[in-house]
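Naming convention: chains lettered A, B, ... in sequence-line order (proteins, then strands); numbering from 1 in each chain.
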There are 2 protein chains.
Amino acid sequence: MGAHVDVSGSQRLDGAAKQRPTMADVAAKAGVSRALVSIVFRDQPGASRETRERVLRVADEIGYRPDSAARLLARGRSRTLGVVLSVHQTFQADLVDSIYPEAERLGYDVLLSAHAPGRAEGKVVEALLSHRCEALILLGPGADPGYLDELGRRTVAVSVGRHLPGVHVDSVHTAEAKGVRQAIDHLVELGHRRIAHVDGGRGPGSAERRRAYRAAMRRHGLAEEIRVIPGAHTEEAGIDSGRLLVAEAERSGRAVLPTAVLAGNDRCAMGLLITFARAGVEVPAEVSVVGYDDSHLSHLMPIGLTTVRQDAVLMAEYAVRFAVERLENAELVPREAVLDPKLVVRGSSGVARAG
Amino acid sequence: MGAHVDVSGSQRLDGAAKQRPTMADVAAKAGVSRALVSIVFRDQPGASRETRERVLRVADEIGYRPDSAARLLARGRSRTLGVVLSVHQTFQADLVDSIYPEAERLGYDVLLSAHAPGRAEGKVVEALLSHRCEALILLGPGADPGYLDELGRRTVAVSVGRHLPGVHVDSVHTAEAKGVRQAIDHLVELGHRRIAHVDGGRGPGSAERRRAYRAAMRRHGLAEEIRVIPGAHTEEAGIDSGRLLVAEAERSGRAVLPTAVLAGNDRCAMGLLITFARAGVEVPAEVSVVGYDDSHLSHLMPIGLTTVRQDAVLMAEYAVRFAVERLENAELVPREAVLDPKLVVRGSSGVARAG
DNA sequence: GCGCTCTACTAGCGCGCGCTAGTGCGAGTA
DNA sequence: TACTCGCACTAGCGCGCGCTAGTAGAGCGC
């Protein structure tokens, strides 16, 4: 894959370094003191109407914009929230969409930082903290509780989607047990008994969902049918699990296939659907598939994904509010918001096949 | 959707505000001057081995971490790159993954900011600039060229995935025409003639791809068959276009269906696959579908998506390097890197159906 | 005239750090 | 002894801004 690099268009730059204008520049040009410019930009009383306008006009002319580094250094507060996410998690993207407006409403700025392969959560957190984020919103944090506890004591931190009992962070998550129970109830009503669960490994909420799955199965007298397939919150994991199941069916006959699979999240469910489609296993005629999250993808999937809905908007609002309230009242203690999930039935679940 | 908010766990905080420790604190505790602590943390010569270790140990003990706000204020440079992205574009997520390591290699920090509904690109850019990002990497910028030109003159900006002739920004994109031509050649070889194109609307690269599609069709003597369906770079757009085509086929018979569709990008192709699957239109037996990007999803799709691969790693590397080189040599003029795309044939394209 | 208040504005310190220009001090020459 | 030289370390200014404590001047009552 070659590349041709082309020096096209534009002329060379004016040799001078592009010096960013400062308040002093504005003040000089407007013929006032720097302090007055500061007053104008902070929208505080103490400047006449005309001076205010003149200052703003001059600032605009010379392209001045406030330097938030200096600003926050001076006032000691950055009013900035740091969000740690994985760019590939679609549900987290949904969360981010809703974090911005709520933060803005409360007068806070938002910076994102992603963990990627080779970029562990700890590094991401350090990056945000060193940029003076006052609080961290961790979307599906994967780090170990000990670290998170320490982090939560050092700064204000909110965990979204992962319940961390005894850890000194705010937490916003859904009542996983309820969601899973709804899903299993739904499947049982449709006549399913052999219901497998592809779990989310160490992903956020996975432990709770796994536990809830086992409990729900037992509650229906299906303890014998419990089967947890180790997975992850990725399409790949769904594909792998799907292949595993298909391979078993090919060896020992389709009767061994579970009649339903509860995936760890929507991405994993997607992977299952993909594999089943490839293998000619019909969903939901032969196997029902249920996801978790209701990320914006789930209603797009070929047959519509039956899934447990987590309300991204509400979760984002709680997360931001928890962070801001803790910042503005240091007396507060970490809190926990547990939201009710809701099963959304679409096309990927149907009555159990015979056998 | 109710929520129960719970004040659980932990004790109330130590009333005192969590004062962030500073260099002075470290210096005092280590019994040296602040300047020496600075030297140690900048890893500069001028401190003995043992002092260095002692300072670092003390810093760790009291939980000191450098304040990048103050740091960049003092040194005048932030060594921070700002990345503007849309969290929902999977290909951009791929790019982000590769931007981090390259930036780190060159000693730069990265901050992300996303445009979301109600958060226009201009605001996102201002946010990053006010956080003292020295350069901006715009992933698939949608703003108008005039604005981008002005932006590019005010600061260092790199556009990724969108070609902006005459605009004062660096640019990294693929040779769209080549990619589209490969795709069309491939389809024509398979016997397709009625090849439609669902375009990407105002999305990055769309105009070029649209133009290239028309040119390639004409080159094959298929001018009569040219059909551009207005779309966007989203699953929704693919779904809508798919519905449109299916509806036509239902009205006027399947013969009117194009035998192949070139989508604006992978997400759009995904939408098409979804709709075709729902409508019982078999891919590739009845319709071939070709995507664009080769985002990490495309090899996951039910049948594997034939798509035009853009090398995310290489694009990210060019973007970062362009930005950094312009920063470190103000004499440089914006450049352009045009990468070769490559058709990846998977299961979604096959020989044209008869008729 | 005096004191008072109110508005419009300014002087200048400090935020946490980078960095230049030093200072002191022991080892190595002449 | 005097004199570099180099190492380990320090003093102190300045980055761009917020913010407190002012000042100057106009208006007003007595």
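Look at R321(A) and E328(A) and you find no salt bridge, because none of the NZ, NE, NH1 or NH2 atoms lies under 4.0 Å from a carboxylate O. No salt bridge links E150(A) with R153(A); every basic N to acidic carboxylate O contact stays at or beyond 4.0 Å.
No hydrogens or angles considered: a donor-acceptor pair under 3.5 Å links the side chains of E336(A) and H163(A).
A heavy-atom distance below 4.5 Å is not found between the side chains of R154(B) and R20(A).
Partners of R71(B) by side chain to side chain donor-acceptor pair (under 3.5 Å), not counting sequence neighbours: none found. Partners of S38(B) according to the side chain to side chain donor-acceptor pair (under 3.5 Å) rule, which considers only residues two or more places apart in sequence or in another chain, are R42(B).
The distance from atom CD of E325(A) to atom CG of L332(A), rounded to the nearest 0.5 Å, is 7.0 Å.
DNA chain D is contacted by T51(B) of residues 49-62 of chain B, taking any non-hydrogen atom closer than 4.0 Å.
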Would you list the atom pairs, donor with acceptor, under 3.5 Å between side chains in residues 53-60 of chain B and any protein atom, with sequence neighbours excluded?
from, atom 1, to, atom 2, distance (Å)
R54(B), NH1, A30(B), O, 2.3

**Prompt:** Where along nucleotides 13-19 of chain C does protein come under 4.0 Å, by heavy atom, of base (B) or sugar-phosphate alone (S), with - for untouched nucleotides?
**Reply:** -BBBBBB
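Under the side-chain contact (heavy atoms from CB on, under 4.5 Å) test applied with V124(A), the options L129(A), L85(A), V84(A), L136(A) reduce to a single match, V84(A).
Rotation axes derived from the C1' atoms of the five outermost pairs at either end of the helix from dG1(C)-dC30(D) to dA30(C)-dT1(D) lie 60° apart, to the nearest 10°.
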